[in-house]
Amino acid sequence: MAAAAAASSSGSFFILRGAYATATATAASLKASPRTAFSLFSPHRLRLSPTPSLSRRSVSYVRATGNEEDAAKAAAATADSGASTIFDKIINKEIPSTIVYEDDKVLAFRDVNPQAPVHVLVIPKLRDGLTQLGKAEERHGNILGRLMYAAKIVAEKEGILDGFRVVINNGPGACQSVYHLHLHVLGGRQMKWPPG
Ligand code: 5GP
C-alpha cells in the first residue's frame with residue numbers, strides 16, 4: 001500500500017516531492033469561504049504577506065507555529081471519541097466547500113486555509129475508523145488506494161502534475177487537527193525541502 005509504504009516514524013507521512021508548509025485548524029472555528037482565507041486575523045495567526053487580490057501564484061505562504069501545535073494537541077484529546085468532525089458537515093453539505101473532485105467514495109475540496117496556490121483536501125466519504133493514517137488496517141487498503149488516485153486526479157485537474165506534494169499529518173506530533181483521514185494536495189508554487 002503506497003501510503004503505508006511512505007510512512008515515516010516521525011508521525012508525518014510525506015509522499016512525493018516538494019516542500020510543505022502546513023497551517024492547522026481548530027476545525028469548528030473556521031467559517032470562512034475557501035477564497036477568503038488569507039487573513040492576518042486567522043485563528044492560526046498566519047503571517048501571510050499577500051492580500052486576497054493578488055494572483056494565487058504570486059502569494060507567499062508562511063507557516064505559523066505554536067497555536068497549531070496547541071490546537072493539534074487539543075484535537076488529539078478527542079480523536080478516538082467517535083465524534084463527528086467538520087469534514088462530516090462538508091460531506092453532508094451542511095457547510096459549504098469548494099469541491100474539486102467527487103466520486104462515490106472520495107471527496108476533494110479546497111482547504112479553507114490554503115498553504116499553497118493549490119491546496120486541496122482529499123477525504124474518504126466514510127471515515128470507517130480512519131481518524132488518521134496511523135489507524136489504518138489492511139482492510140482499508142482499497143480506500144487508501146482510492147484516496148491516492150484521487151490525489152492524482154486533483155493534481156491533474158488543477159494543472160500541477162509537474163510538481164505537487166501529497167501530505168498526511170498524523171497525530172499531534174505532526175499537527176493533525178481534524179480526525180478524519182485526509183490527504184493534502186499542495187502545489188502551484190516551488191516546493192522546498194526539508195518541510196517544516
Ligand atoms: P490537518 O491539520 O488535520 O492535517 O488538516 C486539516 C485541514 O483542514 C487544515 O488544513 C484546515 O485548514 C482544514 N479545514 C479545517 N476546517 C475546514 C473547513 O471548515 N473547511 C475547509 N475547506 N477546510 C477546513
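When a residue number appears, it is its place in the shown sequence, counting from 1. Counting starts at 1 for both ligands and their atoms, in listed order.
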What part of Ile86, side chain, backbone, both or neither, has a heavy atom within less than 4.0 angstrom of ligand 1? side chain

Side chain, backbone, both or neither: Ile90 near ligand 1, heavy atoms under 4.0 Å: side chain

Decide whether the shortest distance between a heavy atom of [X] and an atom of ligand 1 is less than 4.0 Å.
X      : value
Ser97  : no
Tyr179 : no
His184 : yes

[Y] backbone acceptor or donor facing [X] side chain under 3.5 Å:
X      : Y      : value
Arg127 : Ser84  : no
Asp70  : Asn67  : no
His182 : His180 : yes

Of the listed options (Asn170, Asn113, Leu183, Asp111), which comes nearest to atom 13 (C) of ligand 1 when hydrogens are ignored and any heavy atom counts?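 Looking at heavy atoms only, the winner is Asp111.
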
Heavy-atom proximity to atom 6 (C) of ligand 1 ranks first, among His119, His180, Gln176, His182, for His182

Phe109: partners by ring pair (Phe, Tyr, Trp, His ring centres under 6.0 Å), with sequence neighbours left out: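 Expected list: Phe87.
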
Is it true that atom NZ of Lys89 has more than 12 heavy atoms of other residues, nucleotides or ligands lying nearer than 6.0 Å? no

Nearest non-hydrogen partners of Ala108 and Val122, listed with the distance: CB-CG2, 4.0 Å

Test side-chain hydrogen bond (donor to acceptor under 3.5 Å, both in side chains) applied to Lys152 - qualifying residues, sequence neighbours left out: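 Applying side-chain hydrogen bond (donor to acceptor under 3.5 Å, both in side chains) to Lys152 gives Glu156.
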
Side-chain ion pair, Lys105 and Asp128, N-O less than 4.0 Å: no

At a 4.0 Å threshold, what atoms of ligand 1 neighbour a non-hydrogen atom of [X]?
X      : answer
Phe87  : 8 (O)
Phe109 : 21 (C), 22 (N)
Cys175 : 2 (O)

Does the N or O separation between Leu121 and ligand 1 drop below 3.5 Å for any pair? no

